[in-house]
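A short worksheet on the structure shown next.
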Amino acid sequence: MRAVVFDGPGSVSVRDLPDPEPRPGDVLVRPVLTGICGTDRHLLAGGFMATYPLVPGHEIVGQVELLGDDAGGLAVGDLVAVDNTEVCGACEPCRRGQPLYCSRFRSLGCNAPGGFAELMAAPAAKCFPLDGLDPAVAVMTEPLACAIHGADVLALRPGSDVLLFGAGPTGLLLAQLLLHGGAARITVAAPSQHKLDVARSLGVDETVLLDRADPGASASRLRDLAPSGFDVVVEATGAPSVLALCAALTRTGGTVLVYGMADADVTVPFSPYDIFARELTVRGSFAQIHCFDRALLELRTGRVRTDGIITDRFPLSRFGDALTAVAGSRTIKAVVDPQGG
Ligand SMILES: [Zn+2]
Ligand SMILES: [Zn+2]
């Protein structure tokens, strides 16, 4: 089969690999659409949980090709969204009821073979039938599942005034969840007018264009919108210069949610006195487990919309162009057709 392979930091190729062997309980899936995101760039750079050689691709919609031993609940030909996460059930965090922090966390496309390939193996229990949902919508299930986990962590109080930095796929999905989850007002700030226009079309109340080189210079507009600060400020870009702005824009007693992924060695200065004296809460949100079912229902009912989010589509052979596209300011979500040559 053809597959994208990361052989080490900065080394990417599209080449032939042996077809994957399903383990007991696995199905073989033929990916039909796999989303690409900033995490893939981190993985290629050697960050996050990269283990080489790696077939990346963790936002997967595919067709069941073959049922392995003991794989039930699916039929050959079913279109499914693949939940890429697996936990061991036996490590200390798993046994303490915190499986998201599993010390043997297995994530297809991050530290195990993923969906930028003509075939992949996945546990049958982690494949969710689309039941007629358009694959071009269902490919947003994984990022939406992660956003649902973020919303779970945040536990938004109804009536909150929310500021969200970032209008990438995640920002646009999380904004809609918070909008429907009780926010009185949601403001999205990002450096791309096109992305802000999409945010508006998806129901966001206010948008603020940030200067990419100097986000702080644009913060005065945010101050004008909420002179006492926002109840919740969500950082969904991963940019340290943006995270550095968040605490000062948060209302006394409010919460900063760190949702975007920065490089592991990045640090951001903050004022301990400010956190202490104004009783700010800083929370993190990492990946997801067990959120696919809710993500699919949100997409099925149309409560969370994906219109305008997929901007680019590439065949497998042009994976390098897809990686370049996701770093640009025009692309929101790029998807790869792994069967498209
Ligand atoms: Zn992703
Ligand atoms: Zn575990």
Side-chain angles (χ1 to χ4, degrees), residues 4 6 12 31 33-45 47-50 54-62 81-117 120 122-123 125-126 128 135-150 166-174 177 236-238 258-263 285-292 295-296 299 304 306 309-314 319 322-323 325-327 331-336 338:
V4 172
F6 292 172
V12 55
L33 223 44
T34 303
I36 182 164
C37 84
T39 302
D40 296 304
R41 293 181 64 84
H42 281 278
L43 289 167
L44 180 58
F48 198 37
M49 47 174 73
L54 173 70
V55 175
H58 58 276
E59 304 177 358
I60 309 144
V61 171
V82 181
D83 180 345
N84 65 311
T85 61
E86 273 178 73
V87 296
C88 77
C91 69
E92 187 180 312
C94 280
R95 283 158 58 119
R96 289 173 63 98
Q98 297 176 303
L100 183 62
Y101 317 133
C102 173
S103 56
R104 290 188 279 270
F105 195 76
R106 188 169 188 264
S107 176
L108 303 179
C110 298
N111 62 3
F116 292 126
M120 66 178 293
K126 290 287 188 163
F128 291 74
V137 173
V139 74
M140 304 303 292
T141 309
E142 194 276 345
L144 180 56
C146 291
I148 285 176
H149 177 67
T170 283
L172 297 173
L173 296 171
L174 194 48
L177 285 174
T237 74
V258 180
Y259 190 91
M261 178 167 53
D263 287 330
S285 172
F286 162 71
Q288 67 85 36
I289 50 172
H290 306 145
C291 297
F292 259 56
L296 278 162
L299 293 172
V304 169
T306 60
I309 296 184
I310 295 180
T311 49
D312 301 73
R313 197 175 171 127
F314 296 91
F319 182 78
L323 265 186
V326 292
T331 294
I332 303 180
K333 171 63 78 184
V335 295
V336 169

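The analysis underlying the following values was restricted to heavy atoms, covering all of them including side chains, and did not include hydrogens, waters or symmetry mates. Atoms within each ligand, like the ligands themselves, are counted from 1 in listed order. Bear in mind that the values here come from a model prediction, so they are computed numbers and not experimental data.
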_Within residues 102-112 or reaching into it, pairs that qualify as side-chain hydrogen bond (donor to acceptor under 3.5 Å, both in side chains) - sequence neighbours excluded_ = N84-S107, E86-R106
*asked:* Which residues pass the ring-ring contact (aromatic ring centres under 6.0 Å, His included) test with F314, not counting sequence neighbours?
replied: none
Pairwise side-chain contact, [X] with [Y], heavy-atom cut-off 4.5 Å (strictly under):
| X | Y | answer |
| --- | --- | --- |
| T39 | M261 | yes |
| C102 | P93 | no |
| K333 | V139 | no |
| M120 | V55 | no |

*Near the Zn ion (ligand 1), which protein N/O/S atoms fall under 2.8 Å?*
C37 SG, H58 NE2, E59 OE2
*Under the 3.5 angstrom rule, does the side chain of S285 hit a backbone N or O of Y259 as a donor-acceptor pair?*
no
*asked:* Set out, in order, the CA-CA distance, both residues' side-chain angles and the distance that settles side-chain contact (heavy atoms from CB on, under 4.5 Å) for T306 and L144, then state yes or no.
replied: CA-CA 10 Å; T306 60; L144 180 56; over 6 Å; no
*Have a look at D83 and tell me which of H290, H58, K126, E142 forms a side-chain contact (heavy atoms from CB on, under 4.5 Å) with it.*
K126
*asked:* Suppose the cut-off is 2.8 Å; which protein N/O/S atoms would you list for the Zn ion (ligand 2)?
replied: C88 SG, C91 SG, C94 SG, C102 SG
